[in-house]
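Numbered from 1 within each chain, the chains take letters A, B, ... in sequence-line order. Everything numeric in this text was worked out from a predicted model, so none of it was measured.
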Number of protein chains: 2
Amino acid sequence: MSYTYDYPRPSLTVDCVVFGLDDEDLKVLLIKRGVEPFQGRWALPGGFVHMDESLEDAARRELQEEAGIRPNLMEQLYTFGAPERDPRGRVVSVAYFALVKLSDHRVHAATDAREAAWFSVYDVPRLAFDHADILATAHQRLKGKVRYQPLGFELLPPKFTLTQLQRMYEKILERELDKRNFRKKLLAMELLEELDEVEQDVSHRAARLYRFDHKKYKQLEKAGFNFEL
Amino acid sequence: MSYTYDYPRPSLTVDCVVFGLDDEDLKVLLIKRGVEPFQGRWALPGGFVHMDESLEDAARRELQEEAGIRPNLMEQLYTFGAPERDPRGRVVSVAYFALVKLSDHRVHAATDAREAAWFSVYDVPRLAFDHADILATAHQRLKGKVRYQPLGFELLPPKFTLTQLQRMYEKILERELDKRNFRKKLLAMELLEELDEVEQDVSHRAARLYRFDHKKYKQLEKAGFNFEL
DNA sequence: TCAAAAGTGTTAAAAATACACCCATGG
DNA sequence: CCATGGGTGTATTTTTAACACTTTTGA
């Protein structure tokens, strides 16, 4: 390495905004900080980037270490670099955005001596650093993106009813949708595979289960198709 | 600062993808590198982030220093952090995306002992580092975003004809638009201020000039209006 | 008077919206 | 048998898309 420059360097971290969905609300995963600064305050999971790992690898590693979570869907959100955002000095943080099926991850919420928990995004405690900004950015991104990319399926179990699907969109978009129009639109895309199964243990007529056809979506996408709610 | 951790730190740079538009094409600003690595190769303008400046400030400073350019519109694009992207060692780069009115910036193209030039985005030389990826990401972002945000106006002079506006969209979207439908749609938004002026020095009927009403757009946006082409 | 681009209206097709009822099931 | 949510069809409005001719101006 003959061309090394040497400038003082900011520290580099990753932070993860992990969303999940349950019957009530859209939820976000938070970790209670065990060390200063902001000891005892809730924060987004995250930590320092190692020298030999990619940014996304760092985000996945931290999530695994701090909360035992391995999301299917993870993408870069935004990089936060205001000079005063961390009292330890100059720390630039690359934020990631992830969606998980809460059913898979409820149990693991507390792990590893750290305290981890899911909070409603509408009722979040005071957060460490600028994590409230990061969360707000992520929430906005989710609301914007869910309408023109089939992200939402990552929040649902693999088999779901059309009503579950509709509720998911209603919770994220924060508005009601018309049942018939919703179903017409979704089914017209032909991306939902109708299964020979119905939901179990309900005290009324059981709804049919569907599965999102990721493979077909990839094909259609290549051919210029645009998902749009 | 009592809580300082010390990890080995990646270097942190910013890179800028600056787009401009002329009669032929969408153009991107490149700088010829004067030092190793990749000496003599064309690259995106950029450089190391100082310890006391924000990321966007760093991007603006580098653009000013390397090309004498101060864009009106600049936003964060993506952060590139693959471990092997820079032969000098671990360098993470926060990429920015900017649009300028070429008419304002043609002259300044070469400054400061460095060689700077505008290239058609469809005919770019081999670039240093992973700058081809960064450019591709930026180009994709521009194509996607121009349809649902009034970005394109930043590429045109303050006063423009409807035909200029249409050509701009056609060049960015890489498809033809219907003249009447285009005009109807744009004028229906009531965001174009019709001026009492027409273009000068043309050898045919002179077209009326319009101005984009940024202030009105801000208002409408707050009220829930969505720009959409 | 001609070349070159400006400007303008209408129609048909498709998509979005609004809306109300019957059905199947379990308790 | 009734409460609960599942499931379906149609009419109206709005939006989009396709398309051709007249006007103005300078050379």
Side-chain angles (χ1 to χ4, degrees), chain A residues 21-24 146-148 150 156-157 159-171 173-212 220 224-229, chain B residues 21-24 146-148 150 156-157 159-171 173-212 220 224-229:
Chain A
L21 193 75
D22 68 11
D23 294 333
E24 285 92 48
V146 81
R147 287 192 44 226
Y148 62 93
L156 296 178
K159 299 171 182 183
F160 48 83
T161 69
L162 293 178
T163 299
Q164 281 180 289
L165 188 63
Q166 185 179 338
R167 296 277 171 272
M168 180 271 286
Y169 279 109
E170 289 177 335
K171 283 174 199 155
L173 299 173
E174 299 178 81
R175 65 189 169 90
E176 305 217 321
L177 301 172
D178 180 274
K179 180 164 68 162
R180 275 158 299 192
N181 295 335
F182 178 82
R183 289 159 106 98
K184 241 181 295 172
K185 190 150 191 177
L186 268 282
L187 293 174
M189 292 184 197
E190 304 195 82
L191 286 170
L192 298 184
E193 188 185 350
E194 181 174 337
L195 302 176
D196 288 328
E197 286 179 72
V198 295
E199 57 179 344
Q200 300 299 318
D201 305 314
V202 286
S203 68
H204 52 76
R205 176 174 176 183
R208 163 143 276 129
L209 291 174
Y210 291 82
R211 184 158 49 193
F212 180 71
L220 289 177
F225 168 82
N226 282 303
F227 181 91
E228 202 183 328
L229 188 69
Chain B
L21 192 76
D22 69 10
D23 293 334
E24 287 91 48
V146 81
R147 289 193 42 227
Y148 61 94
L156 296 177
K159 300 171 183 183
F160 48 83
T161 68
L162 293 179
T163 299
Q164 281 180 289
L165 188 62
Q166 183 179 340
R167 296 276 171 275
M168 181 269 287
Y169 280 108
E170 289 176 335
K171 282 173 200 157
L173 298 174
E174 298 178 80
R175 63 189 169 91
E176 304 218 320
L177 301 171
D178 179 275
K179 180 164 68 161
R180 274 160 298 191
N181 294 336
F182 178 81
R183 289 158 107 98
K184 244 180 292 175
K185 190 151 193 176
L186 268 282
L187 293 173
M189 294 183 196
E190 305 195 80
L191 286 170
L192 298 184
E193 188 184 350
E194 181 173 336
L195 301 175
D196 288 328
E197 286 178 73
V198 294
E199 55 178 346
Q200 299 299 318
D201 305 314
V202 286
S203 69
H204 52 77
R205 176 172 177 183
R208 165 143 273 129
L209 292 174
Y210 291 81
R211 185 159 45 195
F212 180 71
L220 288 177
F225 168 82
N226 281 303
F227 181 92
E228 203 184 327
L229 188 68

Rounded to whole angstroms, how far apart are [atom1] on [X] and [atom2] on [N]?
| X | N | atom1 | atom2 | answer |
| --- | --- | --- | --- | --- |
| B:L186 | C:dT8 | CG | C1' | 16 Å |
| A:E176 | C:dT17 | CD | C1' | 15 Å |
| B:R183 | C:dT8 | CZ | P | 7 Å |
| A:R180 | C:dA16 | CZ | P | 17 Å |
| B:L209 | C:dA6 | CG | C1' | 13 Å |
| B:Y210 | C:dA6 | OH | P | 11 Å |

Flag side-chain contact, heavy atom, 4.5 Å: B:L173 against B:R147: yes
Heavy-atom side-chain proximity of A:Y148 to A:N226 below 4.5 angstrom: no
Which residues share a salt bridge (charged side-chain N to carboxylate O under 4.0 Å, His left out) with [X], sequence neighbours left out:
| X | answer |
| --- | --- |
| B:R205 | none |
| B:R183 | none |
| A:E174 | A:K143 |
| B:R208 | B:E194 |

Partners meeting side chain to side chain donor-acceptor pair (under 3.5 Å) with B:D178 (sequence neighbours left out): B:N181
side-chain N/O A:K185 vs C:dA15 OP1/OP2, d < 4.0 Å: no
Side chain to side chain donor-acceptor pair (under 3.5 Å) contacts touching residues 195-204 of chain A (sequence neighbours left out): A:K159-A:E197
Proximity to DNA chain D (any heavy atom under 4.0 Å), residues of residues 163-170 of chain B only: none
Residues within residues 194-207 of chain B bordering DNA chain D, heavy-atom distance below 4.0 Å: B:V202, B:S203, B:H204, B:R205
Value rounded to 0.5 Å, distance of CG in A:L165 from OH in A:Y210: 10.5 Å
From CZ (B:F160) to CG (B:L195), nearest 0.5 Å: 8.5 Å
Those residues that, when tested against B:Q166, pass side chain to side chain contact (heavy atoms under 4.5 Å, CB included) (two or more places apart): B:E170, B:L177, B:K179, B:F182
With A:L220 via side chain to side chain contact (heavy atoms under 4.5 Å, CB included) - residues at least two apart: A:L191, A:K216, A:F225
Atom pairs, protein N/O to nucleotides 10-12 of chain C N/O, distance under 3.5 Å:
| residue | atom | partner | partner atom | Å |
| --- | --- | --- | --- | --- |
| C:dT10 | O4 | B:K184 | NZ | 2.8 |

Check against side chain to side chain contact (heavy atoms under 4.5 Å, CB included), A:L21 and A:K171: CA-CA 9 Å; A:L21 193 75; A:K171 283 174 199 155; 3.9 Å; yes
Boundaries of the chain B footprint along DNA chain D (any atom under 4.0 Å from a heavy atom): D:dT16 to D:dA27
